[in-house]
**Q** 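My questions will all concern the structure given below.
Predicted model, so just to flag it, every value in this text is computed and none were measured.
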Amino acid sequence: MIKITFPDGNVKEFESGITAYQIAESISPRLAADVLSASVDGRIYDLDRPITEDASLKLHKWDDKEGKYTFWHSSSHLMAEALEAIFPGVKFGIGPAIENGFYYDVDLGERQLVEADLKKIEEKMIELARSGEKFTRIDVTKAEAMKKYTQKGDQYKCELIRDLEDGTITFYTNGGFTDLCRGPHLRNTSVIKAVKLLSIAGAYWRGDEHNKQLTRIYGITFPKKSMLDEYLVMLEEAKKRDHRKLGKEMELFTFSSKVGMGLPLWLPKGAALRDRLEQFLRKVQKQYGYLQVITPHIGNKELYITSGHWAKYGKDSFRPITTPQEGEEYLLKPMNCPHHCEIYKSKPRSYKDLPLRYAEFGTVYRYEQSGELHGLTRVRGFTQDDAHLFCRPDQLKDEFCKVIDIVLYIFRTLKFDKFTAQVSLRHQTDHSKYIGSEENWEKAERAIQEAAAEKGLPTVVEYDEAAFYGPKLDFMVKDAIGRSWQLGTIQVDYNLPERFELEYVGADDKKHRPVMIHRAPFGSMERFVAVLLEHTGGKLPLWLAPDQVMILPVSEKYNDFAKKVCELLNNYEIRASIDDRNETIGKKIRENELKRMPFLLVVGEKEETNGSVSVRKQGGENLGEMPVEEFAKYIKGEIDKELE
């Protein structure tokens with residue numbers, strides 16, 4: 001018999017070799033029908049894979065991230081089977097599940113896929129899914145795996161197999177298709193009811209531009225057709241809200257191939273928007289006792305060797321910068337935290353000095369693969385609203401709670417009303433990729449969970465999501481159309497203070513290690529602006545909008561009055577401009593509505609005579625005529641409400 005521990009702490013005994021599906025069936029036939037995969041000691045398992053030892057068990061349905069992962073991973077295999085049936089001789093790279101759906105990189109020889117081909121593949125996938133093909137897991141030796149794909153002539157799979165250890169290799173078969181895969185998968189294909197192949201792209205094999213470019217096919221599947229219909233509606237809305245489109249229309253940022261991929265250029269309106277966000281957070285940080293610091297854009301390689309970042313992320317960084325001095329190397333700064341550790345270490349510290357809270361809008365650089373770059377959400381140079389707090393162990397929970405207060409204030413002000421706090425912990429059993437002692441990890445994980453509970457946050461626990469040096473509290477926000485984004489993170493770190501030998505003299509006159517908290521409520525300025533644009537559809541809060549008011553004279557006769565109105569509003573620190581083009585008032589209104597201008601002020605003969613403006617709010621709401629100064633006070637009041 002083996003003992004199975006459920007998420008609620010309940011423990012039951014079952015015969016060794018029982019499967020997660022059989023356990024679900026013993027609880028409820030309905031549960032067994034809905035469950036898609038299971039986590040056994042933190043590792044996702046097929047439902048039919050035997051469990052032979054005592055273990056913790058969590059069953060995953062469609063609403064769980066792990067359930068969707070299994071569903072979409074299986075769907076990528078279903079698509080591969082359809083491709084092989086339609087295009088014999090196709091060769092396969094990798095086909096993972098992604099955040100929304102899946103993709104497969106394939107080599108179709110000289111054939112170029114077109115949109116009409118996607119429809120054929122979709123139809124074949126549905127036909128195969130309806131047959132209820134079972135996914136079967138097979139353990140194979142490295143020699144057997146290599147023989148199969150050598151005979152098949154699939155050099156991509158052979159290359160993957162060379163990197164694997166014997167005894168760890170598995171195949172999965174569904175219908176007539178077999179793939180090199182570690183799983184997990186659905187029990188069978190019958191639960192896949194709706195299919196949509198979304199796009200075709202090029203992708204270099206293994207992300208290396210020196211390798212052959214494969215065809216990447218993106219798709220998504222659902223257990224109900226109604227879910228697919230809802231998703232496609234959301235996708236259309238997302239296209240309208242794409243921050244790249246909005247950023248161009250609103251003249252916020254641009255990119256230049258001469259400057260380099262993934263390196264955004266902020267235009268005047270975008271720079272002003274960023275500055276307002278920075279000033280907003282600086283004001284909050286000042287109230288909480290943060291001290292502003294500035295660090296260089298580069299650092300000696302030894303700094304990142306000490307911190308552990310070079311060992312963990314060196315291959316994803318820009319190449320080291322060599323200097324005329326032999327053996328001297330620098331890196332473009334990938335993280336701010338090592339620099340802040342050195343600031344802490346710049347002089348002796350007493351327990352009376354703590355907590356110390358260092359804040360910096362620090363620009364960092366990471367070499368993201370070109371295929372992964374996406375607007376402002378995935379870039380190679382970005383600015384973090386970074387801060388590092390150094391405190392005594394007895395101050396940790398209180399400091400952590402104060403950081404949570406800052407994050408919640410930002411969310412409330414910017415109308416991010418739907419969010420979940422994700423407690424990101426180590427893998428439950430495999431701790432090999434994390435640095436630091438078990439004792440410190442346990443203390444850090446406990447502190448985060450206690451602080452989140454004390455603040456009454458809605459939380460979920462995710463294993464294997466921690467940073468390499470410590471656990472995190474990640475805030476997962478739902479935007480206006482239901483998409484989930486990770487915004488803001490707080491991390492507890494006992495390890496960097498040890499690596500940098502940070503100390504303070506305690507009340508006992510002995511030396512002690514401080515605890516470090518990493519926090520970035522926005523995450524990065526680039527990504528935060530992108531998410532904010534898509535959340536609001538470009539209709540930013542009034543206090544943040546690049547332009548707050550556009551004055552529209554009905555003809556050039558009223559341009560002088562428009563200038564007087566503009567000057568008065570600017571004196572009230574209201575951002576106003578004039579559209580004095582020789583166009584009809586109707587065209588001016590339409591075009592400025594498209595630019596998402598919060599307020600349009602029409603001025604003509606009546607308004608000039610009365611010293612007033614006719615006010616039109618974003619969306620077409622007519623607020624009528626009002627004196628200019630009254631309008632100025634009205635706007636200031638609206639801004640004050642937003643920032644309460």
**Q** With a 4.5 Å cut-off on side-chain heavy atoms, are Arg380 and Tyr367 touching?
**A** yes
**Q** Is Lys472 salt-bridged to Asp474, going by a charged N under 4.0 Å from an acidic O?
**A** yes
**Q** So Phe318 and Tyr365, would you call those rings parallel, tilted or perpendicular, with 30° and 60° as cut-offs?
**A** perpendicular
**Q** Taking Ile2's backbone N and O only, do any of them form a donor-acceptor pair with Glu53's side chain (distance below 3.5 Å, no angle check)?
**A** no
**Q** Any chance NZ of Lys152 has more than 12 other-residue heavy atoms, nucleotides or ligands included, within less than 6.0 Å?
**A** yes
**Q** Is it true that a side-chain atom of Gln486 and a backbone atom of Gly488 form a donor plus acceptor pair closer than 3.5 Å?
**A** yes
**Q** I'd like to know whether Glu526 forms a side chain to side chain contact (heavy atoms under 4.5 Å, CB included) with Thr383, so could you lay out the CA-CA distance, the side-chain angles of the two residues, the decisive distance to 0.1 Å, and finally the verdict.
**A** CA-CA 7 Å; Glu526 286 73 12; Thr383 302; 4.0 Å; yes
**Q** Identify every side-chain donor-acceptor pair in residues 124-136 under 3.5 Å, counting partners at least two apart or on other chains, and give the distances.
**A**
{"unit_1": "Lys124", "atom_1": "NZ", "unit_2": "Glu127", "atom_2": "OE2", "d": "3.2"}
{"unit_1": "Ser131", "atom_1": "OG", "unit_2": "Leu128", "atom_2": "O", "d": "2.5"}

**Q** Could you tell me which non-hydrogen atom of Pro458 sits nearest to which non-hydrogen atom of Phe419, and how far apart they are?
**A** CG-O, 3.7 Å
**Q** To the closest 0.5 Å, what do you measure between OG (Ser424) and CD1 (Ile490)?
**A** 11.0 Å
**Q** Specify the closest pair of heavy atoms between Ala20 and Leu59, including all atoms of both residues, with the distance to one decimal.
**A** O-CD2, 4.0 Å
**Q** Answer whether the closest heavy-atom distance between the side chains of Phe171 and Cys181 falls below 4.5 Å.
**A** no
**Q** Can you confirm whether or not the ring centre of Tyr149 sits under 6.0 Å from the ring centre of Phe92?
**A** no
**Q** Tell me whether Lys415 at atom NZ has more than 12 heavy atoms from other residues, nucleotides or ligands lying less than 6.0 Å away.
**A** yes
**Q** As a quick check of understanding, evaluate side chain to side chain contact (heavy atoms under 4.5 Å, CB included) for Val407 and Phe411, giving each step before the final call.
**A** CA-CA 6 Å; Val407 173; Phe411 287 178; 3.7 Å; yes
**Q** Closest approach of Tyr172 and Pro184, non-hydrogen atoms and distance?
**A** OH-CA, 4.2 Å
**Q** Kindly compute the distance separating OG (Ser307) from CG (Leu496), expressed to the nearest 0.5 Å.
**A** 6.5 Å
**Q** Do Arg378 side-chain atoms and Gly262 backbone N/O form a donor-acceptor pair below 3.5 Å?
**A** no
**Q** ring-ring contact (aromatic ring centres under 6.0 Å, His included) with Trp72: which of Tyr103, Tyr104, Trp62?
**A** Trp62
**Q** How close do Val35 and Ser37 get, heavy atom to heavy atom, and via which atoms?
**A** CG2-O, 3.6 Å
**Q** Looking at side-chain heavy atoms only, is the closest gap between Phe416 and Leu532 below 4.5 Å?
**A** yes
**Q** Flag yes if more than 12 heavy atoms outside Arg319 fall under 6.0 Å of its CZ atom; otherwise flag no.
**A** yes
**Q** Determine, stepwise, if the pair Val529 / Phe522 fulfils side chain to side chain contact (heavy atoms under 4.5 Å, CB included).
**A** CA-CA 9 Å; Val529 168; Phe522 290 156; over 6 Å; no
**Q** Any Lys/Arg nitrogen of Asp242 or Arg244 sitting under 4.0 Å from an Asp/Glu carboxylate oxygen of the other?
**A** yes
**Q** Measure from NZ or CZ of Lys478 to the centre of the six-membered ring of Trp485, then state whether that distance is under 6.0 Å and the direction lies within 45° of the axis.
**A** no
**Q** With distance as the sole criterion, is a donor-acceptor pair present between the side chains of Trp205 and Glu159 under 3.5 Å?
**A** yes
**Q** Could you tell me whether Lys148 and Asp154 make a salt bridge, using a distance below 4.0 angstrom between a side-chain N and a carboxylate O?
**A** no
**Q** Of all the heavy-atom pairs spanning Thr19 and Leu47, show the shortest one and how long it is.
**A** CB-O, 3.1 Å
**Q** Rounded to the nearest 0.5 Å, how far does CZ of Phe102 lie from CD1 of Ile217?
**A** 9.5 Å
**Q** Identify which one of Arg426, Lys65, Lys58 satisfies the salt bridge (Lys or Arg N to Asp or Glu O under 4.0 Å) criterion when paired with Glu462.
**A** Lys65
**Q** Quick one: does any side-chain atom of Asp163 pair with a main-chain N or O of Leu160 as donor and acceptor, under 3.5 Å?
**A** no
**Q** With no hydrogens and no angle check, just 3.5 Å: does a side-chain donor-acceptor pair link Asp139 and Thr170?
**A** no
**Q** So with a 6.0 Å cut-off around CD of Glu15, is the heavy-atom count from everything else above 12?
**A** no
**Q** How many angstroms lie between CG in Leu36 and OH in Tyr21, if you round to the nearest 0.5 Å?
**A** 11.5 Å
**Q** So, does Asp8 use its side chain to make a donor-acceptor pair with the main chain of Asn10 at under 3.5 Å?
**A** yes
**Q** Between NZ of Lys212 and NZ of Lys91, what distance do you get to the nearest 0.5 Å?
**A** 7.0 Å
**Q** Looking at Asp117 and Arg111, is there a salt bridge between them, counting it only when a charged N and a carboxylate O are closer than 4.0 Å?
**A** yes
**Q** I'd like to know if the side chain of Asp166 reaches the main chain of Lys142, judged simply by a donor and an acceptor atom lying under 3.5 Å from each other, with no hydrogens or angles considered.
**A** yes
**Q** Around atom NZ of Lys120, are there more than 12 heavy atoms from other residues, nucleotides or ligands closer than 6.0 Å?
**A** no
**Q** More than 12 foreign heavy atoms under 6.0 Å from CD of Glu165: is that the case here?
**A** no
**Q** Under the 3.5 angstrom rule, does the side chain of Tyr434 hit a backbone N or O of His427 as a donor-acceptor pair?
**A** yes
**Q** Would you name the heavy atoms of Phe14 and Ser26 that are closest together and state the gap between them?
**A** CE2-OG, 3.9 Å
**Q** Quick one: does Arg241's side chain have a donor or acceptor within less than 3.5 Å of a partner on His535's backbone?
**A** yes
**Q** Do Asp105 and Tyr204 have side-chain atoms, one donor and one acceptor, less than 3.5 Å apart?
**A** no
**Q** List the steps, then state whether side chain to side chain contact (heavy atoms under 4.5 Å, CB included) holds for Leu487 with Ile410.
**A** CA-CA 11 Å; Leu487 282 184; Ile410 290 168; over 6 Å; no
**Q** With a 4.5 Å limit on heavy-atom distance, are the side chains of Leu376 and Met525 in contact?
**A** no
**Q** Hey, what's the ring geometry for Tyr69 with His73, parallel, tilted or perpendicular (30° and 60° as the breaks)?
**A** tilted
**Q** As an exercise, state the distance from OG1 of Thr536 to NE2 of His243, rounded to the nearest 0.5 Å.
**A** 12.5 Å
**Q** Determine all donor-acceptor pairs shorter than 3.5 Å in which one atom belongs to a side chain in residues 226-236; sequence neighbours excluded.
**A**
{"unit_1": "Asp229", "atom_1": "OD1", "unit_2": "Lys225", "atom_2": "NZ", "d": "3.1"}
{"unit_1": "Asp229", "atom_1": "OD2", "unit_2": "Lys225", "atom_2": "NZ", "d": "3.2"}
{"unit_1": "Glu236", "atom_1": "OE2", "unit_2": "Lys239", "atom_2": "NZ", "d": "3.2"}

**Q** Is the shortest heavy-atom distance from the side chain of Phe222 to the side chain of Lys196 under 4.5 Å?
**A** no
**Q** Taking side chain as C-beta onward, heavy atoms only, is Lys157 less than 4.5 Å from Asp179?
**A** yes
**Q** Could you check whether any side-chain heavy atom of Asn100 comes within less than 4.5 Å of a side-chain heavy atom of Tyr218, counting everything from C-beta outward?
**A** no
**Q** Compute whether any side-chain donor of one residue and acceptor of the other, for Ser56 and Thr5, lie under 3.5 angstrom apart.
**A** no
**Q** Is a side-chain donor or acceptor of Glu534 paired with a backbone partner of Ala238 at a separation under 3.5 angstrom?
**A** no
**Q** Hey, does the side chain of Asp46 reach the backbone of Asp48 with a donor-acceptor pair shorter than 3.5 angstrom?
**A** no
**Q** So Phe87 and Val106, do their side chains get closer than 4.5 Å, heavy atoms only?
**A** no
